[in-house]
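Heads up, the thing below is written out as structure tokens.
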2 protein chains.
Amino acid sequence: MSKPTEDELRPFFATIAARDTISDEEHRALVSAMGDRRVIAAGTDIAREGDRPPVSTLVLSGMTARYSTVEDGGRQITGLHLAGDFVDLHSFPLKIMDHSVASISRCTIAVVPHAELKHITEQFPHLTRVLWLLTLLEGSIHRQWLVAKGRLTADEQMAHLFCEQYVKAGIAGLTEGGRFALPLTQTQLGDALGLSIVHTNRTLQRLRRTRAIEWQDGIVQILDWDMLQELGQFDGSYLHLERVPR
Amino acid sequence: MSKPTEDELRPFFATIAARDTISDEEHRALVSAMGDRRVIAAGTDIAREGDRPPVSTLVLSGMTARYSTVEDGGRQITGLHLAGDFVDLHSFPLKIMDHSVASISRCTIAVVPHAELKHITEQFPHLTRVLWLLTLLEGSIHRQWLVAKGRLTADEQMAHLFCEQYVKAGIAGLTEGGRFALPLTQTQLGDALGLSIVHTNRTLQRLRRTRAIEWQDGIVQILDWDMLQELGQFDGSYLHLERVPR
DNA sequence: CGGTTAATTGACCCACTTCAAGCGCGGTGG
DNA sequence: CCACCGCGCTTGAAGTGGGTCAATTAACCG
């Protein structure tokens, strides 16, 4: 149990820096709002539907997913989160979780008490707008997933997801030579795409056969970014990668 | 051209009041932030993808939709908005529109300059959290649509959408005797559900045959709420209808 | 070395799409 | 006044993308 190091917080500040500049004072305010870091095993629920968490969770390393389940036992993953993502920052204004968040791999997380966030909204209006922005990026990604699920084929949708994860990892500084970690099982990938396992497997085989990507042992290697982007009709502008004063 | 009346703003304040209580001072701050009201014809774009709107738009009457288009010309509606909805409040922190918003029926709208919203974030931290909350409800609804699209059948999904629209209209005070306005064409309904027109039509016929709803001339009449809710596996908790201090 | 979980494959089925056509209605221009 | 058009809705028929069921293999693990 200890505060997260500046190094562990780098992906977080990188995701902010990709959209706006914050002052040293704002930076310090965020750092001092952090509670202790914690390591959690793969497959652990971080927050559950119906919870009223007194803290929000920042991912320092590893991958998490938000998901909901339906009556017949089906599961839909509605978001994938890596280091730098404030997975349930929205529980600060919303108060009650309307879905669950779980670790997918072993993760390091830091929690930020809602009382600290409240203090930020009272003392740092610009920083508040930046945090607000972070929660809205989520919504933007949700919309893109909706478009993909509603109007693209499974092949296009899967390519789109790989594009998105690659760009997101890049922002957080977690790519190297076109490689990044995607420690998902095919079942989980299918739950994110809203596809059956069988079809997920076959779609993935087709995608691999295009030689646009490789994916082994939880590591994706981009082989042909242009092709992948075209396959997925990917246009990253919904990720709002412009440094604009907010 | 004139400021919106208190009467026109009632649905807006009702959507807030369903989640939190705001002070008279906060109420006045919102009212005074409003710019002139405007009437726009059906089928008009209010904001377009790529725009950098200097204002956010509040719907006073009528229905609007947010949508994106894909390469083959397909359109996906990612949200439906009625009186009381702040359709592009998220453009305040995000700055750039990542999708378009259009009027579906003839609408009355009011615009709120971003400068006014900025002022609110500087002077009214609690009100800021409430506005933040409003933008997060959007995300919550997006997630629910994702779950429906990914894991429910077309019949379930359509029933779910009718449930959601009914509850949302109720919050805004726009229902009466189980009736509310839903001035969509079947094509638009299909675009919201991510279905073809033909299948939308047939799914709607099946739904009508259950006698859970009637839908004529843009007016929905709920006939059997329990059945509709069950058909759509609808649980409204994602709409966050709890008055909780934020 | 048995047990479990992830990935894979085959076979069959059905929910949803696409293509095509027809109908009713309101609007419009000659 | 009517012929014509476009749009929204509806229906039929045929095709297909993706689901379900079932079984096999491979890797890991205690």
Side-chain angles (χ1 to χ4, degrees), chain A residues 41-44 63 65 70-77 102 104-106 148-161 182-209 213-220 231-232, chain B residues 41-43 63 65 70-77 102 104-106 147-161 182-209 213-220 231-232:
Chain A
T44 312
M63 174 156 261
V70 294
E71 282 177 12
D72 68 2
R75 159 179 302 218
Q76 176 71 43
I77 290 178
I104 282 198
S105 65
R106 181 186 174 81
K149 185 71 220 177
R151 293 301 183 213
L152 300 186
T153 64
D155 300 74
E156 294 168 326
Q157 204 198 336
M158 188 179 284
H160 190 279
L161 186 113
L182 191 73
L184 292 175
T185 64
Q186 290 188 18
T187 303
Q188 290 164 336
L189 178 61
D191 284 344
L193 298 172
L195 299 174
S196 67
I197 320 160
V198 173
H199 199 63
T200 300
N201 178 274
R202 289 181 171 134
T203 304
L204 181 58
Q205 288 179 42
R206 258 174 277 131
L207 179 58
R208 279 173 166 150
R209 251 181 271 123
I213 62 152
E214 272 170 2
W215 184 29
Q216 292 166 43
D217 306 319
I219 306 287
V220 175
L231 284 173
Chain B
M63 174 157 262
V70 293
E71 281 177 10
D72 68 2
R75 158 179 304 219
Q76 177 70 44
I77 290 178
I104 281 198
S105 65
R106 181 187 175 82
V147 174
K149 185 72 219 175
R151 293 300 183 213
L152 300 187
T153 65
D155 299 74
E156 294 167 326
Q157 203 196 338
M158 188 178 285
H160 191 280
L161 186 109
L182 191 73
L184 293 174
T185 64
Q186 291 189 16
T187 304
Q188 290 163 337
L189 178 61
D191 285 344
L193 297 172
L195 299 174
S196 67
I197 319 161
V198 173
H199 199 62
T200 301
N201 179 272
R202 288 179 172 137
T203 304
L204 181 58
Q205 289 179 41
R206 257 174 279 130
L207 180 56
R208 279 173 166 151
R209 250 180 271 124
I213 61 151
E214 273 170 1
W215 184 28
Q216 293 167 44
D217 306 320
I219 305 287
V220 175
L231 285 172

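- At distances below 3.5 Å, at least one donor-acceptor pair connects side-chain atoms of A:Arg208 with backbone N or O atoms of A:Trp215.
- Contacts of residues 185-193 of chain B with DNA chain C (heavy atom under 4.0 Å): none.
- Of the candidates B:Thr153, B:Leu152, B:Thr200, B:Met158 forms a side-chain contact (heavy atoms from CB on, under 4.5 Å) with just one, namely B:Thr200.
- Put simply, CG on A:Leu204 is 10 Å from C1' on C:dA7, counting in whole angstrom units.
- The side-chain heavy atoms of A:Lys149 and A:Leu195, taken from C-beta on, include a pair separated by under 4.5 Å.
- A sub-4.0 Å separation between OP1 or OP2 of D:dC9 and a side-chain N or O of B:Arg208 is absent.
- Checked by atom type and distance alone, the side chain of A:Asp72 pairs as donor or acceptor with a backbone atom of A:Gly74 at under 3.5 Å.
- Pairing each heavy atom of B:Ala148 with each of B:Gln157, the nearest pair is CB-CG, 3.7 Å.
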Nucleotide by nucleotide, nucleotides 14-30 of chain D touches protein heavy atoms under 4.0 Å in the pattern (B base, S sugar-phosphate only, - none) ----BSBB---------
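- Put simply, B:Asn201 has a side-chain N or O that comes within less than 4.0 Å of OP1 or OP2 on D:dT10.
- Between the side chain of A:Arg106 and the backbone N or O of A:Met63 there is no donor-acceptor pair closer than 3.5 Å.
- Contact annotation: the side chain of A:His199 never approaches that of A:Leu193 to less than 4.5 Å [non-hydrogen atoms, C-beta and beyond].
- Each of A:Ile104, A:Val220, A:Asp191, A:Ile77 was evaluated against A:Leu184; a single residue qualifies, A:Ile104, per the side-chain contact (heavy atoms from CB on, under 4.5 Å) test.
- The distance from atom CG of A:Asp217 to atom P of C:dA6 is 15 Å, rounded to the nearest whole Å.
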